[in-house]
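Worth saying up front: this structure is predicted, and the values here are computed from it rather than measured. Along the sequence shown, residues carry numbers from 1.
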Amino acid sequence: MRLLEVRHAGPLFALIEGNRVHLREWLVWVGAHTSVESNHEFIKRSLQQFANGDGPTAGIWLGGELAGTIDFNYLEWLNRRTEIGYWLGESFQGKGLMTRACRALIDHAFTELGLNRIEIFCAVENTRGRAIPERLGFIQEGVPRQANWLYDHFVDIAAYGMLAAEWGRGDRQAE
């Protein structure tokens, strides 16, 4: 994992473009990433967010190739909590990349940033996306019904939470 930089706009666009159908199944933001320039602007906004202390957006790399991204969607300092968002290109799934990336970001949130709570939200039917928090020992805290609009329909969302006090207990499943 490393922070996305403006020079990564081309590889990011190529990854999104090559996975557009796959990503649109669960992610509504895909329609906004229509060119290298739109990804350039996205990365600039992400870097400004990071500079403002509101969380990083990192690329996940495998063998020098961009495989996906992971980020803190926000950092809420008053309540010491955040939400993790993530995605991988289809050909990079099933290799443990996202589990390792999430584990690293969670460790950073709890040990370096002193956060107390991390949330992950996934569409109920997105079994691959939901496998990550479940594998890492997150607690499913509910299912907000029709909580997200996904292009032409609403989807139910599985809400997961992890507390700092729970993270170090060793009750997480193996990768």
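We find the CD1-CD1 distance between Ile118 and Ile106 to be 5.0 Å, quoted to the nearest 0.5 Å. Note that CD1 of Ile120 and CG of Leu136 are 7.0 Å apart. Values are rounded to the nearest 0.5 Å. Rounding to the nearest 0.5 angstrom, the gap separating the CG atom in Asn116 from the CZ atom in Phe110 is 7.0 Å. Note that CD1 of Ile157 and OH of Tyr160 are 10.5 Å apart. Values are rounded to the nearest 0.5 Å. Separation of atoms OG1 (Thr82) and CG (Leu115) is listed at 6.5 Å; rounding is to 0.5 Å. Of the inter-residue distances, the one linking Trp61 atom CH2 with Leu97 atom CG reads 13.0 Å to the nearest 0.5 angstrom.
Across all their heavy atoms, Val6 and Ile43 have their closest contact at N-CG2, 3.5 Å. Residues Ser35 and Asn39 come closest through the heavy atom pair O-ND2, 2.8 Å. A pairwise comparison of heavy atoms in Ile132 and Cys102 identifies CG2-SG, 3.6 Å as the closest pair.
The number of heavy atoms from other shown groups lying within 6.0 Å of CZ (Arg145) does not exceed 12.
Each salt bridge (charged side-chain N to carboxylate O under 4.0 Å, His left out) pair with one or both residues in residues 26-52, not counting sequence neighbours, appears once here: Glu41-Lys44. Sorted by first and then second residue, the salt bridge (charged side-chain N to carboxylate O under 4.0 Å, His left out) pairs with a member in residues 13-22 read Glu17-Arg20; sequence neighbours excluded. The stretch residues 75-89 participates, sequence neighbours left out, in these salt bridge (charged side-chain N to carboxylate O under 4.0 Å, His left out) pairs: Glu76-Arg81, Arg81-Glu119.
In this view, Phe121 satisfies the ring pair (Phe, Tyr, Trp, His ring centres under 6.0 Å) rule with no residue, not counting sequence neighbours. Residues meeting the side-chain contact (heavy atoms from CB on, under 4.5 Å) test with Ala14, sequence neighbours left out: none. When the side chain to side chain donor-acceptor pair (under 3.5 Å) test is applied to Asp54, no partner is found at least two apart in sequence or on another chain. Evaluation of the side-chain contact (heavy atoms from CB on, under 4.5 Å) rule for Leu150 yields Trp26, Val28, His153, Val155 as partners, not counting sequence neighbours. Residues passing the side chain to side chain donor-acceptor pair (under 3.5 Å) test with Thr69 are Trp87, sequence neighbours excluded. Glu65 is linked by a side-chain contact (heavy atoms from CB on, under 4.5 Å) to Phe92, counting only residues two or more places apart in sequence or in another chain. Residues forming a side-chain contact (heavy atoms from CB on, under 4.5 Å) with Ala101 (at least two apart in sequence, or on another chain): Met1, Ile60, Ile70, Met98. Applying the ring pair (Phe, Tyr, Trp, His ring centres under 6.0 Å) criterion to Phe154, with sequence neighbours excluded, gives Trp149.
A donor-acceptor pair is defined here as one N or O able to donate and one able to accept, closer than 3.5 Å; such a pair exists between the side chain of Arg130 and the backbone of Val124. Remark: side-chain polar atoms of Tyr86 are not paired, donor with acceptor, to backbone N or O of Thr99 under 3.5 angstrom. A donor-acceptor pair under 3.5 Å is formed between the side chain of His8 and the backbone N or O of Glu5. Listed for the Asn19 side chain is a donor-acceptor partner under 3.5 Å among the backbone atoms of Glu90. Under the 3.5 Å distance criterion, the side-chain polar atoms of Asn126 are left unmatched by any main-chain donor or acceptor of Cys122.
Taking the side chain as every heavy atom from C-beta outward, Leu3 and Pro56 approach each other to under 4.5 Å. Side-chain contact between Leu75 and Leu113 is present, with at least one heavy-atom pair separated by less than 4.5 Å. Taking 4.5 Å as the limit, some side-chain heavy atom of Thr57 sits within range of a side-chain heavy atom of Phe42. For the pair Ile16/Val30, a side-chain contact is recorded, criterion being any heavy-atom separation below 4.5 Å from C-beta on. Tyr151 places none of its side-chain heavy atoms less than 4.5 Å from the side chain of Leu27. Annotation: side chain of Leu4 is not in contact with side chain of Leu47 (no heavy-atom distance under 4.5 Å). Side-chain contact check for Arg117 versus Asn79: every heavy-atom pair is 4.5 Å or farther apart.
Using modelled atom types, one finds no donor on one side chain facing an acceptor on the other under 3.5 Å when comparing Tyr74 with Gln49.
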**Request:** Could you please spell out the steps behind the side chain to side chain contact (heavy atoms under 4.5 Å, CB included) verdict for Lys95 and Leu62?
**Result:** CA-CA 10 Å; Lys95 302 176 189 316; Leu62 180 64; 3.9 Å; yes

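For Phe13 and His33, the ring centers sit 6.0 Å or farther from each other.
Side-chain contacts under 4.5 Å among hydrophobic residues (ILVMFWY), followed directly or transitively, place Val21 with no other residue at all.
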